[in-house]
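Take a look at the structure set out below.
Computed over heavy atoms, backbone and side chain alike; hydrogens, waters and symmetry mates excluded. Chain identifiers are assigned alphabetically (A, B, ...) following the order of the sequence lines, protein sequences preceding nucleic acid strands; residue numbering begins at 1 within each chain.
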Protein chains: 2
Amino acid sequence: MLSKEDVFREYLESKKLKFTVERQAILDRAFANPKHFEADELLIDLRQNRLKISKATIYRTLSLLVKSGLLREVIFGERHAHYEQVYGHEHHDHLVCNNCGKIIEFVEHRIERLQEEVCKKK
Amino acid sequence: MLSKEDVFREYLESKKLKFTVERQAILDRAFANPKHFEADELLIDLRQNRLKISKATIYRTLSLLVKSGLLREVIFGERHAHYEQVYGHEHHDHLVCNNCGKIIEFVEHRIERLQEEVCKKK
DNA sequence: ATCGATGCAAACTGTTTGCAAGCGG
DNA sequence: CCGCTTGCAAACAGTTTGCATCGAT
(Lines give C-alpha, C1' and ligand atoms only; values in the text may rest on other atoms or scores of the structure.)
Protein backbone atom coordinates (compact mmCIF):
# COMPACT_ATOMS: atom_id res chain seq x y z
CA MET A 1 0.00 0.00 0.00
CA LEU A 2 1.19 3.52 -0.76
CA SER A 3 2.30 5.66 2.16
CA LYS A 4 0.88 9.12 2.72
CA GLU A 5 4.06 10.62 1.28
CA ASP A 6 3.77 8.49 -1.81
CA VAL A 7 0.19 9.52 -2.35
CA PHE A 8 1.07 13.19 -1.94
CA ARG A 9 4.17 12.95 -4.14
CA GLU A 10 2.15 11.28 -6.88
CA TYR A 11 -0.52 13.92 -6.70
CA LEU A 12 2.03 16.72 -6.85
CA GLU A 13 3.90 15.10 -9.70
CA SER A 14 0.70 14.62 -11.67
CA LYS A 15 0.11 18.37 -11.39
CA LYS A 16 3.74 19.27 -12.00
CA LEU A 17 4.06 20.71 -8.50
CA LYS A 18 7.00 20.34 -6.14
CA PHE A 19 7.45 18.36 -2.96
CA THR A 20 9.08 21.03 -0.78
CA VAL A 21 10.27 20.82 2.80
CA GLU A 22 7.33 23.00 3.84
CA ARG A 23 4.85 20.63 2.23
CA GLN A 24 6.55 17.67 3.81
CA ALA A 25 6.45 19.26 7.27
CA ILE A 26 2.78 20.14 6.95
CA LEU A 27 1.94 16.62 5.81
CA ASP A 28 3.84 15.16 8.76
CA ARG A 29 2.21 17.33 11.39
CA ALA A 30 -1.27 16.98 9.89
CA PHE A 31 -0.98 13.26 10.50
CA ALA A 32 0.94 13.41 13.76
CA ASN A 33 -2.19 13.85 15.83
CA PRO A 34 -5.29 11.76 15.15
CA LYS A 35 -8.03 14.26 15.90
CA HIS A 36 -9.51 17.16 13.98
CA PHE A 37 -7.50 20.32 13.67
CA GLU A 38 -7.81 23.84 12.33
CA ALA A 39 -5.28 25.80 10.32
CA ASP A 40 -4.27 27.84 13.36
CA GLU A 41 -3.69 24.78 15.49
CA LEU A 42 -1.47 23.35 12.81
CA LEU A 43 0.49 26.59 12.71
CA ILE A 44 1.05 26.39 16.49
CA ASP A 45 2.01 22.74 16.24
CA LEU A 46 4.55 23.57 13.54
CA ARG A 47 5.98 26.42 15.62
CA GLN A 48 6.34 24.09 18.60
CA ASN A 49 8.35 21.83 16.36
CA ARG A 50 10.55 24.78 15.44
CA LEU A 51 9.14 25.00 11.92
CA LYS A 52 8.26 28.51 10.86
CA ILE A 53 5.93 28.27 7.92
CA SER A 54 3.64 31.12 6.99
CA LYS A 55 -0.11 30.92 7.30
CA ALA A 56 -0.47 31.40 3.57
CA THR A 57 1.61 28.32 2.88
CA ILE A 58 -0.36 26.31 5.40
CA TYR A 59 -3.63 27.20 3.73
CA ARG A 60 -2.21 26.55 0.28
CA THR A 61 -0.85 23.17 1.35
CA LEU A 62 -3.98 22.08 3.21
CA SER A 63 -5.90 22.76 0.05
CA LEU A 64 -3.50 20.51 -1.88
CA LEU A 65 -3.82 17.78 0.75
CA VAL A 66 -7.58 17.91 0.40
CA LYS A 67 -7.33 17.76 -3.39
CA SER A 68 -4.97 14.80 -3.17
CA GLY A 69 -7.55 12.97 -1.08
CA LEU A 70 -5.43 12.74 2.06
CA LEU A 71 -7.49 15.14 4.15
CA ARG A 72 -11.10 16.13 4.22
CA GLU A 73 -12.49 19.51 5.15
CA VAL A 74 -15.31 19.34 7.66
CA ILE A 75 -17.28 22.23 9.05
CA PHE A 76 -19.09 21.85 12.35
CA GLY A 77 -21.64 24.62 12.47
CA GLU A 78 -18.82 27.08 12.95
CA ARG A 79 -17.64 29.46 10.34
CA HIS A 80 -14.14 28.12 9.95
CA ALA A 81 -12.83 24.87 8.56
CA HIS A 82 -11.64 21.83 10.44
CA TYR A 83 -9.62 19.15 8.74
CA GLU A 84 -9.54 15.44 9.35
CA GLN A 85 -7.48 12.61 7.99
CA VAL A 86 -8.95 10.48 5.27
CA TYR A 87 -5.92 8.29 4.70
CA GLY A 88 -6.21 5.23 6.92
CA HIS A 89 -9.61 6.17 8.34
CA GLU A 90 -13.01 4.69 7.68
CA HIS A 91 -15.90 6.92 6.64
CA HIS A 92 -17.81 8.01 9.73
CA ASP A 93 -20.24 10.51 11.19
CA HIS A 94 -19.95 13.16 13.88
CA LEU A 95 -22.04 13.99 16.88
CA VAL A 96 -21.61 17.62 17.98
CA CYS A 97 -22.67 18.58 21.50
CA ASN A 98 -25.04 21.56 21.40
CA ASN A 99 -23.81 22.73 24.78
CA CYS A 100 -20.08 22.33 24.86
CA GLY A 101 -19.25 21.77 21.20
CA LYS A 102 -17.48 18.49 21.90
CA ILE A 103 -17.24 16.23 18.87
CA ILE A 104 -17.73 12.48 19.04
CA GLU A 105 -16.92 10.36 16.02
CA PHE A 106 -18.76 7.16 15.39
CA VAL A 107 -19.14 4.54 12.71
CA GLU A 108 -22.56 2.99 12.33
CA HIS A 109 -22.60 0.54 9.47
CA ARG A 110 -26.35 0.56 9.18
CA ILE A 111 -26.31 4.32 8.62
CA GLU A 112 -23.51 3.96 6.08
CA ARG A 113 -25.59 1.42 4.19
CA LEU A 114 -28.65 3.66 4.14
CA GLN A 115 -26.57 6.66 3.06
CA GLU A 116 -25.28 4.71 0.07
CA GLU A 117 -28.77 3.63 -0.74
CA VAL A 118 -30.17 7.17 -0.70
CA CYS A 119 -27.23 8.49 -2.73
CA LYS A 120 -27.81 5.94 -5.44
CA LYS A 121 -31.50 6.59 -5.54
CA LYS A 122 -31.16 10.37 -6.01
CA MET B 1 -51.50 25.48 16.80
CA LEU B 2 -49.52 28.67 17.20
CA SER B 3 -48.61 30.60 14.06
CA LYS B 4 -45.02 31.59 13.34
CA GLU B 5 -45.80 35.12 14.47
CA ASP B 6 -47.21 33.87 17.72
CA VAL B 7 -44.16 31.76 18.40
CA PHE B 8 -41.87 34.69 17.66
CA ARG B 9 -43.95 37.15 19.69
CA GLU B 10 -43.94 34.81 22.65
CA TYR B 11 -40.21 34.34 22.44
CA LEU B 12 -39.62 38.08 22.25
CA GLU B 13 -41.98 38.78 25.09
CA SER B 14 -40.32 36.19 27.27
CA LYS B 15 -37.03 38.03 26.75
CA LYS B 16 -38.60 41.49 27.07
CA LEU B 17 -37.75 42.28 23.47
CA LYS B 18 -39.89 44.14 20.97
CA PHE B 19 -41.79 42.99 17.91
CA THR B 20 -40.73 45.70 15.45
CA VAL B 21 -41.74 46.16 11.83
CA GLU B 22 -38.22 45.12 10.79
CA ARG B 23 -38.50 41.86 12.71
CA GLN B 24 -41.92 41.21 11.27
CA ALA B 25 -40.69 41.78 7.72
CA ILE B 26 -37.72 39.48 8.20
CA LEU B 27 -39.92 36.76 9.66
CA ASP B 28 -42.31 37.06 6.72
CA ARG B 29 -39.66 36.88 4.04
CA ALA B 30 -37.72 34.10 5.75
CA PHE B 31 -40.81 31.94 5.42
CA ALA B 32 -41.98 33.22 2.05
CA ASN B 33 -39.72 30.87 0.15
CA PRO B 34 -39.40 27.23 1.17
CA LYS B 35 -35.76 26.59 0.38
CA HIS B 36 -32.54 27.41 2.14
CA PHE B 37 -31.32 30.97 2.09
CA GLU B 38 -28.37 33.03 3.17
CA ALA B 39 -28.38 36.41 4.87
CA ASP B 40 -27.48 38.17 1.63
CA GLU B 41 -30.28 36.52 -0.29
CA LEU B 42 -32.72 37.61 2.36
CA LEU B 43 -31.41 41.16 2.09
CA ILE B 44 -32.02 41.13 -1.67
CA ASP B 45 -35.46 39.63 -1.21
CA LEU B 46 -36.33 42.38 1.28
CA ARG B 47 -35.06 45.07 -1.09
CA GLN B 48 -37.17 43.63 -3.89
CA ASN B 49 -40.15 44.00 -1.62
CA ARG B 50 -39.21 47.62 -1.04
CA LEU B 51 -38.05 47.00 2.50
CA LYS B 52 -34.72 48.59 3.32
CA ILE B 53 -33.37 46.90 6.40
CA SER B 54 -29.70 46.97 7.24
CA LYS B 55 -27.52 43.90 7.17
CA ALA B 56 -26.81 44.28 10.86
CA THR B 57 -30.50 44.05 11.68
CA ILE B 58 -30.89 41.02 9.44
CA TYR B 59 -28.11 39.18 11.23
CA ARG B 60 -29.42 40.21 14.61
CA THR B 61 -32.94 39.07 13.75
CA LEU B 62 -31.89 35.78 12.16
CA SER B 63 -30.08 35.00 15.36
CA LEU B 64 -33.28 35.65 17.31
CA LEU B 65 -35.28 33.45 14.93
CA VAL B 66 -32.81 30.64 15.48
CA LYS B 67 -33.01 31.08 19.25
CA SER B 68 -36.79 31.08 19.12
CA GLY B 69 -36.66 27.74 17.33
CA LEU B 70 -38.23 28.95 14.09
CA LEU B 71 -35.10 28.63 11.95
CA ARG B 72 -32.07 26.43 12.00
CA GLU B 73 -28.60 27.38 10.90
CA VAL B 74 -27.04 24.83 8.57
CA ILE B 75 -23.59 24.96 7.04
CA PHE B 76 -22.84 23.05 3.87
CA GLY B 77 -19.08 22.79 3.69
CA GLU B 78 -18.94 26.47 2.91
CA ARG B 79 -17.76 29.08 5.30
CA HIS B 80 -20.98 31.01 5.57
CA ALA B 81 -24.30 30.15 7.12
CA HIS B 82 -27.46 28.99 5.41
CA TYR B 83 -30.77 29.04 7.21
CA GLU B 84 -33.72 26.74 6.89
CA GLN B 85 -37.18 26.68 8.34
CA VAL B 86 -37.83 24.46 11.31
CA TYR B 87 -41.44 25.51 11.86
CA GLY B 88 -43.66 23.12 9.93
CA HIS B 89 -40.80 20.96 8.65
CA GLU B 90 -39.74 17.48 9.63
CA HIS B 91 -36.15 16.74 10.62
CA HIS B 92 -34.22 15.65 7.54
CA ASP B 93 -30.80 15.18 5.98
CA HIS B 94 -29.05 16.83 3.04
CA LEU B 95 -27.20 15.46 0.09
CA VAL B 96 -24.72 17.96 -1.36
CA CYS B 97 -23.42 17.43 -4.90
CA ASN B 98 -19.63 17.48 -4.95
CA ASN B 99 -19.62 18.89 -8.46
CA CYS B 100 -22.30 21.52 -8.67
CA GLY B 101 -23.11 22.11 -5.00
CA LYS B 102 -26.78 21.35 -5.52
CA ILE B 103 -28.58 20.37 -2.32
CA ILE B 104 -31.18 17.64 -2.14
CA GLU B 105 -33.22 17.21 1.01
CA PHE B 106 -34.48 13.81 2.02
CA VAL B 107 -36.15 12.11 4.95
CA GLU B 108 -35.13 8.54 5.62
CA HIS B 109 -36.88 7.25 8.72
CA ARG B 110 -34.47 4.41 9.18
CA ILE B 111 -31.58 6.87 9.36
CA GLU B 112 -33.53 9.04 11.80
CA ARG B 113 -34.05 6.03 14.03
CA LEU B 114 -30.38 5.08 13.99
CA GLN B 115 -29.37 8.70 14.68
CA GLU B 116 -31.55 8.73 17.78
CA GLU B 117 -30.11 5.44 18.84
CA VAL B 118 -26.51 6.59 18.53
CA CYS B 119 -27.29 9.89 20.30
CA LYS B 120 -28.77 8.08 23.27
CA LYS B 121 -25.90 5.66 23.47
CA LYS B 122 -23.20 8.36 23.58
C1' DA C 1 17.57 29.09 -16.18
C1' DT C 2 12.95 28.30 -15.53
C1' DC C 3 8.81 27.91 -13.00
C1' DG C 4 6.77 26.93 -9.17
C1' DA C 5 6.87 28.08 -3.95
C1' DT C 6 7.35 31.11 -0.17
C1' DG C 7 6.54 35.07 3.12
C1' DC C 8 4.54 39.26 3.85
C1' DA C 9 1.01 42.32 3.93
C1' DA C 10 -3.01 43.80 1.92
C1' DA C 11 -7.52 42.36 0.25
C1' DC C 12 -11.71 39.86 0.90
C1' DT C 13 -16.01 37.74 2.81
C1' DG C 14 -19.27 36.86 6.08
C1' DT C 15 -20.47 38.35 10.49
C1' DT C 16 -20.34 41.17 14.77
C1' DT C 17 -20.13 45.33 17.45
C1' DG C 18 -19.94 50.37 19.29
C1' DC C 19 -22.35 54.33 19.11
C1' DA C 20 -25.67 58.05 18.39
C1' DA C 21 -30.27 58.61 17.06
C1' DG C 22 -35.05 56.64 16.80
C1' DC C 23 -39.15 54.34 18.33
C1' DG C 24 -42.20 50.82 20.74
C1' DG C 25 -44.78 49.62 25.01
C1' DC D 1 -40.05 58.24 28.89
C1' DC D 2 -37.07 54.36 29.40
C1' DG D 3 -34.76 50.91 27.26
C1' DC D 4 -34.57 48.22 23.36
C1' DT D 5 -33.67 48.74 18.28
C1' DT D 6 -31.86 50.60 14.27
C1' DG D 7 -28.34 52.02 10.67
C1' DC D 8 -23.85 53.11 9.81
C1' DA D 9 -19.25 52.27 9.72
C1' DA D 10 -15.56 50.24 11.81
C1' DA D 11 -13.89 45.93 13.75
C1' DC D 12 -13.22 41.04 13.35
C1' DA D 13 -11.83 36.19 12.05
C1' DG D 14 -10.70 33.09 8.81
C1' DT D 15 -9.03 32.70 4.38
C1' DT D 16 -7.14 34.19 -0.11
C1' DT D 17 -4.21 36.79 -3.16
C1' DG D 18 -0.54 39.97 -5.41
C1' DC D 19 4.04 40.56 -5.56
C1' DA D 20 8.92 40.36 -5.06
C1' DT D 21 12.13 37.00 -3.82
C1' DC D 22 13.71 32.26 -3.17
C1' DG D 23 14.59 27.56 -4.43
C1' DA D 24 13.99 22.93 -6.69
C1' DT D 25 14.87 20.41 -10.82
Distance below 4.0 Å between A/T57 side-chain N/O and C/dG7 OP1 or OP2: yes
B/D40 or B/T20, whichever maps to the more 5' nucleotide of DNA chain C: B/D40
Hphob cluster co-occupancy, B/L2 + B/L70, side-chain heavy atoms under 4.5 angstrom: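 Looking at the clustering, B/L70 is in the same group as B/L2.
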Terminal helix-axis angle for the helix from C/dA1-D/dT25 to C/dG25-D/dC1, with five pairs defining each axis and rounding to 10 degrees: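 The angle separating the two end axes equals 30°.
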B/D40 with B/K55: basic N within carboxylate O range, under 4.0 Å: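 Yes, this pair counts.
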More than 12 heavy atoms of other groups within 6.0 Å of B/E13 CD: no
Once you round to the nearest 0.5 Å, how far does [atom1] of [X] lie from [atom2] of [Y]?
X	Y	atom1	atom2	value
A/L12	A/L17	CG	CG	5.5 Å
B/S14	B/R9	OG	CZ	14.0 Å
A/L65	A/R72	CG	CZ	13.5 Å

In whole Å, what is the span from the [atom1] atom of [X] to the [atom2] atom of [N]?
X	N	atom1	atom2	answer
B/Y59	D/dA11	OH	P	19 Å
A/I58	C/dT6	CD1	C1'	12 Å
B/E38	C/dT13	CD	P	14 Å
B/L27	D/dT5	CG	P	15 Å
B/E41	C/dT15	CD	P	11 Å
A/I26	C/dG7	CD1	C1'	12 Å
A/L65	C/dA5	CG	P	13 Å
B/E22	C/dA21	CD	P	19 Å

Sugar-phosphate, base or nothing in reach of A/R23, heavy atoms under 4.0 Å: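 If one applies the 4.0 Å heavy-atom cut-off, A/R23 turns out to touch the sugar-phosphate alone, with no base involved.
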Pair B/E41, B/H36: side-chain N/O donor-acceptor within cut-off below 3.5 Å: no
Distance-only donor-acceptor check, side chains B/E84 and B/H92, under 3.5 Å: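 B/H92 and B/E84 do have a side-chain donor-acceptor pair below 3.5 Å.
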Donor-acceptor pair (no angle test) under 3.5 Å: A/R60 side chain, C/dG7 base: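 Under the 3.5 Å cut-off, the side chain and the base do form a donor-acceptor pair.
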Aromatic plane relationship, A/Y11 with A/F8 - under 30° parallel, 30 to 60° tilted, over 60° perpendicular: parallel
5' precedence on DNA chain D between B/I53 and A/K18 (nearest-nucleotide basis):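 Residue closer to the 5' terminus by nearest nucleotide: B/I53.
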Strand-adjacent residues in residues 9-17 of chain A, judged by heavy atoms under 4.0 Å from DNA chain C: A/K16, A/L17
